[in-house]
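One structure below.
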Amino acid sequence: MSGQVLVTGGSGYIGGFVIRQLVAEGWTVNTTIRSLAREAEVRKALAVPADKLNFFAADLLSDAGWAEAVAGCSHVVHVASPLPNGAVKHEDDLIVPAREGALRALRFAKAAGVKRVVMTSSVAAIAYGHGKKIGTYTEAVWTDVNGPQVHAYAKSKTLAERAARDWMAAEGGAMEYVSVNPAAVLGPVLSADFSSSVQIITRLLSGSLPGLPNFGFGVVDVRDVADLHVRALTAEGIDGERFIASGPFMMMKGVAAVLRDRLGNEARKVPTRGLPDFLLQLSALFDPTIRMVTGELGKQRITPSDHARDVLGWVPRPAADTIADSARSLIDMGVVKV
């Protein structure tokens with residue numbers, strides 16, 4: 001199936017790969033960016049035919065531009081949401097635009113007669129606040145925003161997805177809604193505007209980490225995340241579904257081992273020793289970004305993707321390939337000097 005589709009957040013990491021796949025499959029794409037001053041830069045990074053991609057200026061916190069962006073579209077992929085590179089001054093800096101942006105996308109989609117909205121959520125809306133050191137969390141589980149050590153980003157994704165689902169139940173009518181909930185998104189980068197999760201690879205390669213902290217995350221490739229969004233766009237009988245997008249849970253020492261194995265001498269700065277928990281906790285007293293990580297020490301949040309495999313036939317590529325491809329593109333683009 002093809003037609004016209006709106007992808008919000010076209011300058012973002014996931015949004016860019018969603019656009020590329022949709023165009024490859026015959027869709028014409030409208031996309032939003034906050035300022036049209038970036039259009040040429042984003043077009044160059046995406047490298048898709050100019051007549052297949054239209055840009056519109058729109059912001060998560062303003063109605064301006066949304067009606068024009070969604071006009072003529074039968075489907076919407078709502079990817080745009082604030083993603084911090086570090087600690088934020090106030091949690092509402094993330095929560096408000098995430099929630100209001102989701103509701104704005106839904107309102108304008110319904111007004112335009114859109115058939116289905118696929119929204120990018122996160123495993124952060126599933127696996128946090130439960131107080132477990134090791135746990136397995138499926139699509140049936142929700143993050144407890146009042147639970148222990150729930151950071152602002154997890155709150156923003158949880159509250160945005162809940163608000164979207166509540167709005168759909170009350171106001172959605174015949175329009176359909178599906179969410180995709182990725183783990184830590186890695187893989188090749190198209191430009192310097194990539195997900196903050198890729199910073200994990202840049203820090204390992206550059207040697208800026210003195211050791212390997214005792215924490216981990218589910219690994220998923222940005223290309224596979226895009227593919228899951230596209231599959232969810234038109235598959236029949238999935239209204240209201242949630243789909244986790246995640247490969248295996250990997251500790252930092254496992255990620256580092258892949259880099260050393262696949263990159264050889266180019267990974268010579270990657271640490272080999274573990275970083276004691278107390279050193280990270282001490283650093284957290286002075287660095288709010290590190291403070292966000294200390295709650296993850298020793299924890300394993302396993303988020304299986306069986307549902308996406310069973311319902312949509314989605315199969316992610318090996319995590320080691322994703323990690324290596326991420327590192328290789330960062331080196332090739334000059335983001336990391338090795």
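- Under the 3.5 Å distance criterion, with hydrogens and angles disregarded, a donor-acceptor pair is assigned to the side chains of Arg165 and Ser179.
- Side-chain contact between Leu263 and Leu205: present, with at least one pair of heavy atoms (C-beta onward) separated by less than 4.5 Å.
- In this structure, Tyr13 is a member of the same hydrophobic cluster as Ile19, with clusters built from ILVMFWY side-chain heavy atoms closer than 4.5 Å.
- Summarising the geometry of Ala226 relative to Gln21, their closest heavy-atom pair is C-OE1, 3.8 Å, with the distance given to 0.1 Å.
- Distance check, rounded to the nearest 0.5 Å: CH2 of Trp167 to CG of Leu103 gives 8.5 Å.
- Judged by a 6.0 Å distance limit and a 45° cone about the ring axis, Arg301 is not positioned over the six-membered ring of Tyr137.
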Should Leu275 and Leu209 be marked as a side chain to side chain contact (heavy atoms under 4.5 Å, CB included) after you check the CA-CA gap, both sets of side-chain angles, and the distance that decides it?
CA-CA 9 Å; Leu275 187 66; Leu209 289 175; over 6 Å; no

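- Atom CZ of Arg260 has more than 12 neighbouring heavy atoms from other residues, nucleotides or ligands inside a 6.0 Å radius.
- With a 4.5 Å cut-off on side-chain heavy atoms, Glu296 and Tyr128 count as touching.
- A donor-acceptor pair is defined here as one N or O able to donate and one able to accept, closer than 3.5 Å; such a pair exists between the side chain of Ser197 and the backbone of Val185.
- Judged by distance alone, with hydrogens and angles left aside, the side-chain atoms of Ser246 form no donor-acceptor pair with the main-chain N or O of Pro182 at under 3.5 Å.
- Summarising the geometry, atom OG belonging to Ser329 is positioned 10.0 Å from atom CG belonging to Leu186; distances are rounded to the nearest 0.5 Å.
- By the 4.0 Å N-to-carboxylate-O rule, Arg104 lies too far from Glu100 to be salt-bridged with it.
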Please step through side chain to side chain contact (heavy atoms under 4.5 Å, CB included) for the pair Cys73 and Val5, ending with a clear verdict.
CA-CA 5 Å; Cys73 294; Val5 56; 5.6 Å; no

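- By the rule that hydrophobic residues join a cluster once side-chain heavy atoms approach within less than 4.5 Å of another member, Val219 and Val270 end up as members of one cluster.
- The shortest distance between side-chain heavy atoms of Asn181 and Lys157 does not fall below 4.5 Å.
- To the nearest 0.5 Å, atoms CD (Glu161) and OG (Ser121) are separated by 3.5 Å.
- Following chains of ILVMFWY side-chain contacts shorter than 4.5 Å, one can reach Val118 starting from Val29, so the two form part of one hydrophobic cluster.
- The hydrophobic cluster containing Phe217 also contains Val180, counting ILVMFWY residues as joined when their side-chain heavy atoms lie under 4.5 angstrom apart, directly or transitively.
- Pairing each heavy atom of Ala69 with each of Leu6, the nearest pair is O-CD1, 3.8 Å.
- The main-chain N or O of Glu171 is found under 3.5 Å from a side-chain atom of Lys110 such that the two form a donor-acceptor pair.
- Taking CG of Asp325 as the start and CZ of Arg223 as the end, the distance is 4.5 Å to the nearest 0.5 Å.
- Taking 4.0 Å as the cut-off between side-chain N and carboxylate O, Asp166 and Arg162 do not count as a salt-bridged pair.
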Identify all side-chain donor-acceptor contacts of residues 44-61 below 3.5 Å with residues at least two apart in sequence or on another chain.
unit_1, atom_1, unit_2, atom_2, d
Asn54, ND2, Asn30, OD1, 3.0
Asp59, OD1, Leu61, N, 2.8

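- Using a 4.5 Å heavy-atom threshold, the side chains of Asp224 and Arg317 count as touching.
- Residues Asp144 and Thr158 fail the side-chain proximity criterion, which asks for heavy atoms closer than 4.5 Å.
- In this structure, Trp27 and His75 have perpendicular ring planes: the angle between them is above 60°, well past the 30° mark.
- Here the closest heavy-atom approach between residue Ala152 and residue Glu91 is recorded as CB-CB, 3.7 Å.
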Is there a side chain to side chain contact (heavy atoms under 4.5 Å, CB included) between Met119 and Met168? Walk through the geometry before answering.
CA-CA 12 Å; Met119 176 171 144; Met168 283 297 302; over 6 Å; no

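- Between the side chain of Thr143 and the backbone N or O of Ile126 there is at least one donor-acceptor pair closer than 3.5 Å.
- With values rounded to the nearest 0.5 angstrom, Phe249 atom CZ is found 10.5 Å from Thr136 atom OG1.
- Between Arg203 and Met252, every side-chain heavy-atom pair lies at or beyond the 4.5 Å cut-off.
- Ser206 places no side-chain N or O within 3.5 Å of a backbone atom of Val336 that could act as its donor or acceptor partner.
- Between Tyr153 and His151, the ring planes lie parallel to each other; the angle is under 30°, not in the 30° to 60° tilted range.
- The minimum heavy-atom distance between Ile238 and Ala235, with the atom names listed, is CG1-O, 3.5 Å.
- Checked by atom type and distance alone, the side chain of His90 pairs as donor or acceptor with a backbone atom of Asp92 at under 3.5 Å.
- Transitive grouping of hydrophobic side chains (ILVMFWY, heavy atoms separated by less than 4.5 Å) keeps Val70 and Val77 in distinct clusters.
- Counting heavy atoms from C-beta outward, Arg116 and Leu233 have side chains that stay 4.5 Å or more apart.
- Nearest heavy atom pair, residue Val76 against residue Ala109, reads CG2-CB, 4.1 Å.
- Between the side chain of Gln300 and the main chain of Gly216, no donor-acceptor pair closer than 3.5 Å is present.
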Run Arg107 and Asp63 through side chain to side chain contact (heavy atoms under 4.5 Å, CB included) and show every step you take.
CA-CA 10 Å; Arg107 285 198 303 271; Asp63 285 348; 4.1 Å; yes

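- Taking 4.5 Å as the limit, some side-chain heavy atom of Thr8 sits within range of a side-chain heavy atom of Trp66.
- Thr120 and His229 share a side-chain donor-acceptor pair at under 3.5 Å.
- Environment of NZ in Lys253: sparse, with no more than 12 heavy atoms of neighbouring residues, nucleotides or ligands closer than 6.0 Å.
- For the atom pair Arg328 CZ and Ile323 CD1, the distance stands at 14.5 Å (nearest 0.5 Å).
- Panel note: side chain Arg99, backbone Leu159; no donor-acceptor pair is recorded below 3.5 Å.
- Across all their heavy atoms, Ser326 and Ile201 have their closest contact at OG-CG1, 3.8 Å.
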